[in-house]
Amino acid sequence: MKTKRIKEAYPMDLLLLADPSRKLIEQYIQRGECYIAEKNSETIGVYVLLPTRPKTVELVNIAVAEQYQGKGIGKALVLDAIEKAKQQGYKLIEVGTGNSSIGQLALYQKCGFRITGVDKDFFTIHYEEEIVENGIICVDMIRLARQL
Ligand code: COA
């Protein structure tokens, strides 16, 4: 998957699919690098690489436009993020997702991430609205990481 880095005109509609908090998204895109995938000049995918600690980067705000989901684009974006992080000399890539995000947990593990921990009550603390997915209330953040 070919992606390109952008420094303006961020696809907010797509970014909001991955994270309902506009405030958090704005912080992430300021501190990180935003990459997009396009098809016929339409933005169909996005992710942000956020440096967190020395040699460590976090994959945040990954999203695929709804009509393009389930076609392998999300997986290609995760693999692209891994490649970019490697090229930039990072040694570890991390990602976090909700306890209710079953598909995302599958996707990250299929891309070589392993669960490293649980950030308990992350979603109850940081989000005002209750999040429910797959009939499960989202309360904890599952942390995953992959060596590069
Ligand atoms: N059980 C097992 N595997 C599952 C699954 C489930 N319930 N749901 C998804 N998967 C697997 C798919 O089978 C696929 O693996 P495969 O290639 O081995 O078949 C993999 O996960 C990803 O599929 P893909 O088509 O590449 O995903 P996508 O293009 O739909 O993108 C998201 C995935 C999450 C980026 C996309 O659905 C999205 O934008 N969601 C909304 C935003 C979001 O939740 N972002 C993540 C925040 S943590």
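Heavy-atom basis, side chains included; hydrogens, waters and symmetry copies ignored. As the structure lists them, so they are numbered: ligands from 1, and atoms in each ligand from 1. Heads up: numbering here begins at 1 and tracks the sequence.
- For Tyr35, the ring pair (Phe, Tyr, Trp, His ring centres under 6.0 Å) partners at least two apart in sequence or on another chain are Tyr47.
- A continuous path of Ile, Leu, Val, Met, Phe, Trp and Tyr side chains, each step under 4.5 Å between heavy atoms, connects Leu107 with Met1, placing both in one hydrophobic cluster.
- Considering only residues two or more places apart in sequence or on other chains, Phe123 meets the ring pair (Phe, Tyr, Trp, His ring centres under 6.0 Å) condition with Tyr127.
- Side-chain contact between Ile62 and Val95: absent, with no pair of heavy atoms (C-beta onward) separated by less than 4.5 Å.
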Which pairs of donor and acceptor atoms, one on a side chain in residues 141-148, lie under 3.5 Å apart (sequence neighbours left out)?
from	atom 1	to	atom 2	distance (Å)
Arg143	NH1	Glu58	OE2	3.0
Arg143	NH2	Glu58	OE1	3.2
Arg146	NH1	Cys111	O	3.0

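- Atom CD1 of Ile137 has 12 or fewer neighbouring heavy atoms from other residues, nucleotides or ligands inside a 6.0 Å radius.
- Sorted by chain then number, the residues whose non-hydrogen atoms approach ligand 1 to under 4.0 Å are Leu17, Ala18, Ile62, Ala63, Val64, Gln69, Gly70, Lys71, Gly72, Ile73, Gly74, Lys75, Gly96, Thr97, Ile102, Gly103, Gln104, Ala106, Leu107, Tyr108, Lys110.
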